[in-house]
Amino acid sequence: MARLHSRFLHCLTFVFYTTLISHSSSTLESDFSIIDSDSEVLLFHQDYSPPAPPPPPPHPPSVSCTNDLGGIGSLDSTCKIVADLNLTRDVYIAGKGNFYILPGVRFHCPSLGCSVTVNISGNFSLGEGSTIVTGTFQLGAYNASFYNGSAVNTTGWAGDPPPETSGTPQGLAGAGGGHGGRGASCIVEDGKLPEDVWGGDAYSWSSLQNPWSYGSKGGTTSKEVDYGGGGGGRVKIIIKELLEMNGSLLADGGDGGSKGGGGSGGSIYIKARKMTGSGWISACGGNGFAGGGGGRVSVDIFSRHDEPKIDVYGGISHGCQENAGAAGTLYDALPRSLTVDNHNLATVTETLLLEFPHRPLWTNVYIRNCARATVPLLWSRVQVHGQISLLCRAVLSFGLAHYGSSEFELLAEELLMSDSVIKVYGALRMTVKIFLMWNSKLQIDGGEDVTVATSWLEASNLVVLKGSSVIHSNANLGVHGQGLLNLSGPGDTIQAQRLVLSLFYSINVGPGSILRGPLENASSDAITPKLYCEHQDCPIELLHPPEDCNVNSTLSFTLQICRVEDITVEGLIKGSVVHFHRARTVSVWSSGIISASGMGCIGGVGRGNFLYNGIGSGGGHGGKGGLACYNDSCVEGGISYGHRELPCELGSGSGSGIEGPDDSTAGGGIIVFGSMEHPLSSLSVEGAVRADGESFEGTVWKQEYSVSNDSSIAPGGGSGGTVLLFLHTLTLGESAILSSVGGYGSSKGGGGGGGGRIHFHWSYIPSGDVYQPIARVKGSIHARGGLGRDKSGVGENGTVTGKACPKGLYGTFCVECPAGTYKNVTGSDRSLCHRCPASELPHRAIYIAVRGGNAETPCPYECISDRYDMPHCYTALEELIYTFGGPWLFSLLLVGLLILLALVLSVARTKFVGVDELPGPSPPQHGHQIDHSFPFLESLNEVMETNRAEESQSHIHRMYFMGPNSFSEPWHLSHTPAEEIKEIVYEGAYSIFVDEINAIAAYQWWEGAIYTILSILAYPVAWSWQQWRRRMKLQQLREFVRSEYDHACLRSCRSRALYEGIKVSATSDLMSAFVDFFLGGDEKRADLPPRLPQKFPMAIIFGGDGSYMAPFSLQNDNILASLMSQLVPPTTWYRLVAGLNAQLRLVCRGWLTVTFRPVLQWLGTHANPALRNHGVRIELAWFRSAPGGYCQYGLLVYSVEEENGHISLGNTNGRVRTELHSSLNTTYMQNQSDYPREDALLTLGNEGFAKQKSYGELIDANSLQKLEDKRYIFYLLSLLVHNTKPVGHQDLVGLVISMLLLGDFSLVLLTFLQLYSVSLVDVSLVLFIIPLGILLPFPVGINALFSHGPRRSAGLARFYALWNITSLINVCKLDILVACFPTNPIEVVVFLCGYINYNSRSSSSIRTPSLQPWNINMDESEWWIFPSGLVLCKLFQSQLINWHVANLEIQDRSLYSDDFELFWQS
C-alpha cells in the first residue's frame, strides 16, 4: 500500500508540473484550466511531502477547428462541429473562443485509453442527441451545456489502471473488477465466510476527493477468451461559472456477460460554480458473472439548483444474485460528505473505508441501500464532524472477522441506524452526541483477547433503540451518556457479558425491551465474568462500590447502572449481580421485571447433596435446603449462610450431578439498590424484583443440551439469592412482587431450595415530630423455601429484615407503634411495643397514635369526640357547670342571677318608661287628638268632638278595593261604576282610571319572591317586608290620585281643575282600602249628595284579617263618623266603635265559628239596643270580594222606624229575616265594595232581605256554623299567640316577662354550648340557615319593654311575640336536624326525634363512660333538660306577651263589661 501511495504521488506531481509549464507557455489569458489542481489533495493530513517528481512533458499543440476537426469557425472565436468525427488518437483542443458540438453529431475516439481534452476560454455545448465516446474526457470552459439526450460515454474504454494495484482479479473465477468498491466473487472457498472472498480490490482511496483513475477490467472464466468487461474511463469537467447538465456523464464498467466479470466503474470529477439540470452521472460497476465494483465520483459545486442522478453502485452478479459488486464512493466537496450507496442491490462484498482525514474533517458519511462498508485497518479512527448514517440494510464493519484484537474509534455528532448493522471485531470506542437505532444491530465480537475486551459507547445527549434494535457484546460493554437512554419497546436489547450503563440523566427500559449481563447461552469464546461462589465474605464493592463507574473486569458486577438520575423499568433487567449505584429513583412498572433468578451459583457454599441414586437436596442460603429422601435414606440440604442484617451473597445451587453441570440448578443472583454511601432516594415497584432460585422443571435446556424426563437425575432446587436495598423510601404497589424464594426440586424427589435474603437498609429513618412513612407496601414480599417433591423436604424460609428502628417505631419498615403502646428502646421487634397503663386514660377518651410513635409514658390520648374538651373530656357546658361548683350550685347561681337581673330591668323600665298600669276607667280627657292607628284605644273616655261635616256634606260614595293586598292577591277595583257615582263620572274614563289604579296596586314578581324566601328563613322579617311594601303601595296610590291623575273620569269641571273629588285611604293594618268620591260643587243638583238614610242599607268593611298581627277592626275615620253623626251622636258612635273593636280583636282566623259568637252576642246586648233609639241597626255580614274565594267581613247598617213597626230577627231557611213597615216597599243593600251588583243584591219584602249565598250573607247564630273558614298549616299556633282580654298588673307582667327573657337568653346560650358539643355545624345551622331565629327574641323583647307609648309598645310587643313563636319553631327545626343528622348518635336535642333516636341507639357499641347520678352529661340521660326548659320558657313568654299586649291596647277594661249600663256609662 505504501508503494501504491508513492507511485500515485509521483504520477500526480508529474501531471501538476506539466500543467504549470503548459499554462505558462500558452497564449491563453484564462485564469482557469482543467489541469489546475489544489496541491492539498496530494497531501496526507499536511504531514507528508512526497519527493519532487521530474517535470512532465508539455502538451502537444492544439488541433485546428476546420483542418483537423472538420468544423466551422475558429477555436479563438467559435468552433462548431457539424458532422460526425471518428478520432484515432488523443486530441488536445485549446482556444480563446467557444466550442460547440451541434445536435446529433458523434464525436468518437473508440480506443482504450483514448483522451479528448477541451481547454477553451469561452463556452462549451454538447447538442441534443450528440455523443462523445472516449477513454478520457477533460473539459475546461467558462460555461458548459450538456443538452437532453447528449452523453459523454467512457464506459468500458478505460486505459490501464494505476500500477501496483489489484483492481483486476486473477484466475478464472470470473470475478468483478475493483476500484471504489471491491469486485464481487461468486466462488467461495471452503472454510471461508462470503465476506472473506472478493474479486478485484479497491484502490485510489487517497484521491477520492479528486478521482483520476481508470476502472479495472473484470475477470474471465476461460483461459482462451478474455470475457471480462472493461473498466470505466475518466471524466474531468472544470467550469468557471455555469454547468447545465441535462445529458449523461458515464464512466461505468463494461459488462462481462455470463462468462466474465464486470469491469469496475471509473472516475468522474466535476467542479463548477453553479450547476443546473437533472441529468445522469454514473460510475457504476459493470454487470457480469460477478459484478464489478463501483467507481469514484467527486462533485465540487458551489450552487446546485437541481439534483442530477448520481450512481456509483456495483454491478449485478449473474452467477450469485445476492452478491453484487460493492458500491463505489461519492464525495460532495461542498458539505464534505461521503456517500456509499449500492442502489438496494444485495451484496456481501465490501467498500473499503481507509484512513479518514483529520484536517479538515469530513462532515457526513452515508452508507445506505444495501451497501457494505468496512474499516479494515487495525486501530483505525472514523471521525467526522457531523453525521454517520446507515440506512436501508447497510452494513458497516470494523476489523477482520477472524482477528478481533484491535480497538476502533468512531467519533461523530450523530450516529443514525435504520435497518442496518454495525459489526465490530475487537473493541469499539464510540463518541457521539446522538445515537438512534431503528430495527438495527450493533454487534461487538471481542474475541478472546482480554486487552481489547472492553468497549465504550458514549452518547452525550440521546440514545434511542426502537423497532427491535440490539446492542450485543460478548465481552465487556460500557454505555455512557448525559441525556436519555431509551429502549422503546419489544425486542430492543442491550446485552453483554458485563454491562455498565452510566452517567445518563434518565434510562427507560420500555415494555418488552431487555438489559442483560451476562449473555444468555454465551458462546465458548465469550469472556465470562467471575462469580464469587465459594466465598462467604461479602465482596467489598457491593457495599462500597467505586465512584468512577468504569467497566472493571475485576469487580463482581455483571450489570451495573451507575450515576443515573431516574430509571424506569417496563421491560426486563437481568443479570447475575445487578447493581444500581448512585441513582436517584428507580420505578418498576407493572410490566417491568428486575431479575437475578437462576443467575447465581450452581455450587456455592450452600450447595445441595446427592444420594447414590441421583436424587439431590436443595441448596441453602437464608434458610437450609430441603432434605432429599429415598427409601428412608435422606441427605441434608445445603447449609444456611450469610449475614442476616447485611446480606450480599449469591444463592447456591444443587451442585453438579452425576452427569455433569447440566443436571443441576443454580441459585439466585444478587440485586443491590444503592450503596452505604449513596442510598437510593426512591424505589417504586408495581412489577417484580426477583432473585429466586432455579427450579428443575423436567427438561432443562443448557447450552444446546437437554436432560429429558428419562434421566435418573433429580436435583434439588436452587436457593434464593439476595436482594439488598439501600433506600430512603419504598413504594410497593398492589401487584408488586419482591421475592427471593427457593426453587422447586425435581419432580422425581428433589428437595426444595432454601429461601434467600431480603434486607432493607434504610438510609435515614425519621422519628418523632419529623416522622414520615418510609415505605408504602401493598404488594407481596417473599423469601420462602421451595417445595420438595415426593418424600423430600421443603426448603426453609429465608429472611426479610430491615435496619433497626429508633424509639417509637418497629418492624421491617419502621412503622409507628400502634395507638395505646409505647417503645422506648431501639429495635424492630413487634414485642418491643408495650401497652400503655389503662389507669391513665380518662373517661370519654381513647389512646391516639402520634407522629413518630410513642416513645414514653404517659401515652397521648384524645376525647372520643371533638365536642369534649381536654384534659377531662368534658363538654363545653359541663366545663362551665363544673367550673361553678357542679349542677346544683350552678342552678342556684343561675336562678339568683336571673331574678336579680329581672329586678334591675324592671326598675330601669319603670324609670325609663313610666307606669302603664291603669286599674280602672280614667276620667274623660279632652283637648287631645285621638290616635286612630289603634282603634282599640278609642274608648268613650278618649272621644273628642270633631266637626268635619263639611267633608261628609259633599261625600257621594265609598268604593272598597277588592283583595287582601297580598303579593298573590293585590288590591283591585271593579271596572263597572257603582250606581251612586254613575251620575258624576264618565264610564269610559272611569274604566281607564280603574286600569291605572289596578296597575299601580299590583306587585312585582320579585317582591313576592323575596317574601317567600324570608317566610322560610325568618317570618317576622317577611312580615316587616310585606308591611313596608303595602305602605309603599298605599303611598303610590295616594300620590297618583292626589297629584298625577288628572281626574278625567269626573264630570265636575271644578274637580278636574283642582284635582279633587277622589281620595284613597286604607285601614291602619293596610289590608283594606277604599276610594271616596266627592262632589265638585258645580253640579247644582238638589238630590246630591244623598242623606245618610238614603244610603241605607250601608256596608262597612272591617280592616284586618283576623290574624294575630292584623285583628279585625272597624275603621272609624272622620268621614264615616261625620256621616253617622247625622243619626247617631258622635259619643255614642265612638263608644260603639271602641266596644266593637274590643270584641273583634278576640276573633281569631281559623276559629271564626267560635270567636264570632261573642261578637254576635255583644251586638245583640250592647250595640243594637243603644242604636234603636236613633233608628239605626247593625248586623254582622261577610262578603266575597274576589272570584278566588277571599272573604271580607263587616257590618250592614240600616235604619229602623220604631213608630211604624218593630224589628224582629228570625230564621227563614237559613236567611236573616227582617220585618219592616209596609211603607218601605223595596230597598237594596248598596254594593259598598263596588262588587258586581248581582253579587251583593239584597231584597226586602215579605221574606225580608237576604244576600245571595254565593256572594255574601248576614251572619247570625245559625248561619255562623256554615261560615267558610280556611285553616292554614300553622293555625294551631293561634293557641299560643292570640289576643286576650286585659288582666291588669302591668308591672308584674313586665317583671315576669323580664325574668323569662333573661331565662330564655340564658337557656339559648346553654343550648348553644350543648349544640357546640355536638358539632360546630349545628351552631352554624342556628346562626345562618335559621338566621338568628333563636337569638333575636331577646333584643326584640327588650326593645318592646323599654318602648314609650302604648301604641308603639303594643306594636313592638306583637313583633316580639312573632319572633318568640318563630324562635320556638326554629328550635323544633334545629332539634329535628340535630336528631336526624347527628354527628354523634347519642347527641340529640329534639324531644320526639331525640327520644326515639336516643332509645334506638342506647345499645350502641360506642364506648361512652357512665357517670354518677346527677353528673351533668348532656349527651346521655339528661339530654332533654335544656330543650325542655327553652320550650317551656317560650310557651310562658307567649302567654305573658298576650296579656302584655292586651294591657297596652285595652287600657279601659270596661269595654269588656257584660253590664249594658256600665258599658255605656263609662
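For T1155, the side-chain hydrogen bond (donor to acceptor under 3.5 Å, both in side chains) criterion is met by no residue, not counting sequence neighbours.
Between the side chain of N998 and the backbone N or O of L973, at least one donor-acceptor pair lies under 3.5 Å.
Residues F1102 and Y1193 place their aromatic rings such that the two centres sit no closer than 6.0 Å. For F1183 and Y960, the ring centers sit 6.0 Å or farther from each other. For F961 and F1074, the ring centers sit 6.0 Å or farther from each other. Two rings, from F1077 and H957, have their centers 6.0 Å or more apart.
Annotation for A1001 and P970: closest pair O-CB, 3.5 Å, computed over non-hydrogen atoms. Nearest heavy-atom pair across P977 and K982 is O-CE, 3.5 Å. Smallest separation of non-hydrogen atoms from W1443 and T1284: CD1-OG1, 3.5 Å.
Counting heavy atoms from C-beta on, the side chains of K1095 and R958 never come closer than 4.5 Å.
Of the inter-residue distances, the one linking L1058 atom CG with C1053 atom SG reads 11.0 Å to the nearest 0.5 angstrom.
Relative orientation of the F967 and Y1011 rings is tilted, given thresholds of 30° and 60° on the angle between their planes. Aromatic ring pairs are classed by plane angle as parallel below 30°, tilted from 30° to 60° and perpendicular above 60°; the pair F993 and Y990 is tilted.
When the options N1116, L1196, L1120, I1178 are evaluated for a side-chain contact (heavy atoms from CB on, under 4.5 Å) with I1100, the one that passes is L1120.
Pairs of residues two or more places apart, or lying in two chains, that qualify as salt bridge (charged side-chain N to carboxylate O under 4.0 Å, His left out) and include a residue from residues 993-1019 are E1007-R1029.
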Step-by-step salt bridge (Lys or Arg N to Asp or Glu O under 4.0 Å) determination, D1117 to K1063: CA-CA 13 Å; D1117 60 285; K1063 291 185 179 181; over 6 Å; no

